[in-house]
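Quick notes on the structure that follows.
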Amino acid sequence: MDRIERTDHARPEKNTYSLNLLLRNSSTLPQRWPAIELTLLDSSNLPVSRRVFTAANYLPTPPATTSGFAASSEQSAHITFELQQKKASNYRVYLFYP
């Protein structure tokens, strides 16, 4: 079972956002890499933007995507993206398997 252990969201520049996650595979078996759904919310908790990131978008080295998520392991993930529309004040993160 994959889960998000920790998230950290930062806004280093005007329209650039950064999301750091720590993913954990607590299973005794290797897993496929999950997709990450990020929903940015406004001050009323209404969606401003929704994006999906695959393992190729968040893993530090592309070859790791083919080997799968090792059993009983952790993996940090980093995503940087731009948002040109309304400003977000909160976010929601989900893992899923397409």
Checking side-chain contact (heavy atoms from CB on, under 4.5 Å) for the pair L19/L38: CA distance, chi angles, key distance, verdict? CA-CA 9 Å; L19 178 68; L38 170 64; 4.0 Å; yes

Shared-cluster residues of F96, by chain and number - hydrophobic side chains joined below 4.5 Å: V52

Would you kindly confirm whether L59 and V93 end up in one hydrophobic cluster when ILVMFWY residues are joined by side chain heavy atoms under 4.5 Å apart? yes

Checking T54 now: which residues fulfil side chain to side chain contact (heavy atoms under 4.5 Å, CB included) with it, not counting sequence neighbours? A56, N57

Using the test side chain to side chain contact (heavy atoms under 4.5 Å, CB included), find all partners of R51 that sit at least two apart in sequence or belong to another chain. S49, F53, F81

For the pair S44 (side chain) and L46 (backbone), establish whether a donor and an acceptor sit closer than 3.5 Å, ignoring hydrogens and angles. no

How long is the straight-line distance from CZ of R50 back to OG1 of T39, given to the nearest 0.5 Å? 4.0 Å

Residues L22 and S76: closest non-hydrogen pair is CD1-N, 4.1 Å

Cluster question for you: counting only ILVMFWY and a side-chain heavy-atom cut-off of under 4.5 Å, with indirect links fine, are L95 and L41 together? no

Indicate yes or no for a side-chain donor-acceptor contact from S72 to the backbone of S26 under 3.5 Å, with no hydrogens or angles considered. no

Which pair of heavy atoms, one from R32 and one from F69, lies closest together, and at what distance? O-CB, 4.4 Å

Is there a side-chain contact between Y58 and L21, using heavy atoms and a 4.5 Å cut-off? no

Interatomic spacing from CG in L23 to OG in S73 - rounded to 0.5 Å: 9.5 Å

Hey, is the main chain of A70 close enough, under 3.5 Å, to the side chain of N25 for a donor-acceptor pair? yes

